[in-house]
Amino acid sequence: MKFRTAIGVGLIFSSFAFFGGGTLIIRDATDVQLRAERQIAATERQCLKLLNTLPNAKVTPVNGDVTVTIGKIIEPRKALTDATVAALMCPNKTLADVCLGDKCPGATDGEIALRLRFVKGK
């Protein structure tokens, strides 16, 4: 066997190892991406579930954004605490809008209401 032929055969066999290694890397990268998508979906479900535990809360999800309206607020400072807790319940969302007062959507008969609007992303 000639020297060049032996080198060529050796390179062909070593390419199989590199091809196999590349396949394993692609498989692992795809697996990580699927796990991340599942985690994002689970976080979204947990966010909605936890927001519904706030007292007097009405949660309205629309296209990935969430609006939370809490009516009949007696103590506005406690409502701000509830807003902070709500922001912590949804780590994958950004608090885009906060309204606290008797002119906010969801306020009835001069009562104080809290309205929070969360949008996708960080």
Side-chain angles (χ1 to χ4, degrees):
M1 183 184 284
K2 292 185 179 179
F3 181 71
R4 283 187 236 170
T5 306
I7 294 291
V9 170
L11 289 174
I12 288 173
F13 284 132
S14 66
S15 71
F16 292 141
F18 290 123
F19 180 76
T23 303
L24 290 175
I25 289 171
I26 289 172
R27 186 192 68 182
D28 288 345
T30 305
D31 184 46
V32 167
Q33 182 179 4
L34 290 174
R35 269 189 289 167
E37 289 172 1
R38 283 194 304 262
Q39 183 179 10
I40 289 169
T43 303
E44 181 74 24
R45 286 190 305 272
Q46 180 183 10
C47 168
L48 293 175
K49 179 181 171 187
L50 291 174
L51 286 175
N52 280 312
T53 63
L54 292 171
N56 299 324
K58 179 185 173 195
V59 179
T60 310
V62 177
N63 295 332
D65 296 346
V66 179
T67 302
V68 180
T69 305
I70 303 173
K72 300 180 182 176
I73 292 178
I74 298 169
E75 179 60 45
R77 288 178 294 188
K78 184 181 178 307
L80 291 175
T81 303
D82 290 341
T84 304
V85 169
L88 293 173
M89 289 177 180
C90 300
N92 61 339
K93 298 203 176 293
T94 301
L95 186 58
D97 190 28
V98 177
C99 181
L100 177 62
D102 58 351
K103 304 287 188 225
C104 295
T108 56
D109 299 330
E111 291 180 344
I112 297 173
L114 172 66
R115 183 175 180 266
L116 308 168
R117 188 172 60 88
F118 294 95
V119 295
K120 284 187 203 178
K122 267 270 177 189

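This is a predicted model, so every value here is computed, not measured. Residue numbers start at 1 and run along the sequence shown. Hydrogens, waters and symmetry mates play no part in the numbers below; they use all other heavy atoms, side chains included.
Listed by first and then second residue, the salt bridge (charged side-chain N to carboxylate O under 4.0 Å, His left out) pairs involving residues 17-37 are D31-R35 (not counting sequence neighbours). Applying the disulfide (SG to SG under 2.5 Å) test to every pair with at least one member in residues 50-84, sequence neighbours left out, gives no pairs at all. Within the structure, the salt bridge (charged side-chain N to carboxylate O under 4.0 Å, His left out) test picks out no pair touching residues 56-73 (sequence neighbours left out).
A search for side chain to side chain contact (heavy atoms under 4.5 Å, CB included) contacts involving A113 returns A107, not counting sequence neighbours. Every residue two or more places apart in sequence or in another chain was checked for a salt bridge (Lys or Arg N to Asp or Glu O under 4.0 Å) with R117, and none qualifies. In this view, T30 and I26, L34 satisfy the side chain to side chain contact (heavy atoms under 4.5 Å, CB included) rule, not counting sequence neighbours. When the salt bridge (Lys or Arg N to Asp or Glu O under 4.0 Å) test is applied to D97, the partners found at least two apart in sequence or on another chain are R115. With sequence neighbours excluded, the residues satisfying side chain to side chain contact (heavy atoms under 4.5 Å, CB included) with F3 are I7. In this structure R77 satisfies the side chain to side chain donor-acceptor pair (under 3.5 Å) test together with E75, sequence neighbours excluded. The side chain to side chain contact (heavy atoms under 4.5 Å, CB included) search around I112 returns I73, P76, L100, not counting sequence neighbours.
Through direct or indirect side-chain contacts shorter than 4.5 Å among Ile, Leu, Val, Met, Phe, Trp and Tyr, L24 is connected to no other residue.
Side-chain atoms of L116 and L95, non-hydrogen and from C-beta on, do get closer than 4.5 Å to each other.
Atom CD1 of I74 has 12 or fewer neighbouring heavy atoms from other residues, nucleotides or ligands inside a 6.0 Å radius.
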Identify each donor-acceptor pair in which a side-chain atom of residues 40-56 lies under 3.5 Å from a protein atom, sequence neighbours left out, and give them as a table.
| unit_1 | atom_1 | unit_2 | atom_2 | d |
| --- | --- | --- | --- | --- |
| T43 | OG1 | Q39 | O | 2.8 |
| E44 | OE1 | N92 | ND2 | 3.4 |
| E44 | OE1 | K93 | NZ | 3.1 |
| E44 | OE2 | K93 | NZ | 3.3 |
| N52 | ND2 | L48 | O | 3.0 |
| T53 | OG1 | L50 | O | 2.4 |

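Using a 4.5 Å cut-off between side-chain heavy atoms of Ile, Leu, Val, Met, Phe, Trp and Tyr, with links allowed through other members, I12 and V9 fall into the same hydrophobic cluster. Hydrophobic clustering (side-chain heavy atoms under 4.5 Å, transitive across Ile, Leu, Val, Met, Phe, Trp, Tyr) keeps V119 apart from V68.
Shortest non-hydrogen contact noted between A83 and L114 is CB-CD2, 4.1 Å.
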